[in-house]
Protein chains: 2
Amino acid sequence: MVRLARFSADAFLAAAVAIVAESGPSAATMGAIARRSGAPTGSIYHRFESRAALLATAWTGIHGAFVEAVAPSLRAGDALRAALAITGWARGDADAARFLLLNESGALFDGAPLPDPLRAEIRRQEEELDAAFQACLAAARDRAAARMERQDGGKPPDGIRVGVDEAAARARFLVFDGPIALLRPYLLAGTEIPGHVDRMIAEMHGAVPVAPALAAVH
Amino acid sequence: MVRLARFSADAFLAAAVAIVAESGPSAATMGAIARRSGAPTGSIYHRFESRAALLATAWTGIHGAFVEAVAPSLRAGDALRAALAITGWARGDADAARFLLLNESGALFDGAPLPDPLRAEIRRQEEELDAAFQACLAAARDRAAARMERQDGGKPPDGIRVGVDEAAARARFLVFDGPIALLRPYLLAGTEIPGHVDRMIAEMHGAVPVAPALAAVH
DNA sequence: ATGCATATAGAATGGCCGTTCTAGAACACG
DNA sequence: CGTGTTCTAGAACGGCCATTCTATATGCAT
């Protein structure tokens, strides 16, 4: 019922993502987003209640795609495949990867008031990713226990005995922080991601155990 | 000759570093720095010609300490010791490490006009660090060549044949990006840096070669 | 046709921030 | 004991930005 919109929410989101990817979050002013969309600034407020809501919506869409790319491998207990899914996803959508990278530290919507459904979706994504990660961690722990049982009666193998916190930190690095650190230079430079990034990830996974002897701690 | 200053340049720098470490770069407004120092905003401009100059000076001081902590090990060709020097330095000055981390992407003084001596010092530090890094890379290459000669007549060992770009990228990750990625969660959370961070760095250096068969490429 | 809800269009508002300006104070030196 | 220079002190200025407001257009439902 009534006047049809010339500017869609998606158009504003796309403009915001492009600006952030090109020039960083602080360049994504309402004026810049409007200019890039060919719209007046006021029209943005017919779709989003604030700049924070707009950017958070953009973040949520991109982060959702990220989670969908990574979570299945995690749920399958395959940490290496999950790590490689990150590089694959980044290769497929460089702008999105750059956007996510530049908004890592939560500087985007720190304490800003967001619409409730958006907050709920953000939490849902975070919980889904965390649950998948925990599943992967549990699988690694089980494998470590089985390996230990096979090798000898009770003493841990040549790996180091680690606690749960350490195992989680190790897994986080192997799956997320390490691959992201490998991608960062290329994402920031805007150049293609070379194949040896994947090779290094594979080497790391082969050499650095997630849970070397976690079963001993249980 | 004349009135003695109540507020030193160092006081403003310390205030700026503390604010950035606590609340991020955008919180370090001239007003906030002045308030934290107990000075009027105008007084800051008797020491620094602009906000960019102030923050860049703070960055340069911290980065200089970082370089001094890391470069000697690099010049000695010891990549592992260099990587561990980063964690050691971060443990010794958490605020400084946080400051550096939060200003990685050069968002601090992007195209801002800076006094020439400051620019020169920044460039000098960057060149010193890069030279040390290149020395470390060259040492790794020499060791790889020697290892190859010892093992067999001409074919590369079980390592992967890599080019110069890849060797540099590998070394960068082993020395800088990897350790920093391991530190990031603890720096951002403001919690103590656990010992297993160093253990993982050592594992990585043991397992992921900087220049596996670089000599074959020369 | 005529309402009327919803859009465009862009000017106006108010706040924050970096920077500058005005006034006055302190101190080394002649 | 001025005098000049460098400081404190904080108000004032100008720009940018998010947000709101006013005026006008559009097109479906009646």
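Note on naming: letters A, B, ... go to the chains in the order of the sequence lines (proteins, then strands), and numbering restarts at 1 for each one. These figures come from a predicted structure and were not determined experimentally. All heavy atoms count here, side chains included; hydrogens, waters and symmetry mates do not.
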* To do: Please determine if A/Arg199 and A/Glu203 form a salt bridge, counting it only when a charged side-chain N lies under 4.0 Å from a carboxylate O.
  => no
* **SB check A/Arg123 A/Glu126 (cutoff 4.0 Å)** => no
* To do: Show the numbers, then the answer: is there a salt bridge (charged side-chain N to carboxylate O under 4.0 Å, His left out) between A/Glu121 and A/Arg124?
  => CA-CA 5 Å; A/Glu121 170 62 10; A/Arg124 192 199 63 73; 3.0 Å; yes
* Taking side chain as C-beta onward, heavy atoms only, is A/Ile62 less than 4.5 Å from A/Asp95? ->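 No. Closest side-chain heavy atoms not under 4.5 Å.
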* **Contact check, side chains of B/Pro185 and A/Asp177, non-hydrogen atoms, under 4.5 Å** => yes
* To do: Please lay out, stage by stage, how A/His63 and A/Gln125 fare under the test side chain to side chain donor-acceptor pair (under 3.5 Å).
  => CA-CA 8 Å; A/His63 187 255; A/Gln125 286 182 11; 2.7 Å; yes
Nearest whole Å is fine: how far is [N] [atom2] from [X] [atom1]?
X	N	atom1	atom2	answer
B/Leu55	C/dC17	CG	P	14 Å
A/Leu4	D/dG27	CG	P	5 Å
B/His46	C/dA25	NE2	P	16 Å
A/Arg6	D/dG27	CZ	P	11 Å
A/Ile19	D/dC17	CD1	C1'	14 Å
A/Met30	D/dC16	CE	C1'	15 Å
B/Arg35	C/dG18	CZ	C1'	14 Å
A/Ile33	D/dT19	CD1	P	10 Å

Please tell me which of the listed nucleotides, [options], lies nearest to the side chain of [X]?
X	options	answer
A/Ala5	D/dG27, C/dT8, D/dA9	C/dT8
B/Tyr45	C/dT19, C/dT8, D/dA18	C/dT19
A/Thr29	C/dT8, D/dT8, D/dC17	D/dC17

* Asked: What is the minimum heavy-atom distance between B/Val67 and B/Pro72, and which atoms define it?
  ->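 Shortest heavy-atom contact: O-CD, 4.1 Å.
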* So, is B/Ser43 near the phosphate of D/dT8, with a side-chain N or O under 4.0 Å from OP1 or OP2? ->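 Looking at the OP1 and OP2 atoms of D/dT8, one of them is under 4.0 Å from a side-chain N or O of B/Ser43.
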* **Distance test, side-chain N/O of A/Arg47 to OP1/OP2 of C/dA7, below 4.0 Å** => yes
* Please state whether the base of C/dA7 and the side chain of A/Arg3 form at least one donor-acceptor pair under 3.5 Å? =>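 Side chain to base: pair present.
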Please list each protein N or O that sits under 3.5 Å from an N or O in nucleotides 11-13 of chain D, with the distance.
none

* Sugar-phosphate, base or nothing in reach of B/Phe7, heavy atoms under 4.0 Å ->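 Sugar-phosphate, no base atom in range.
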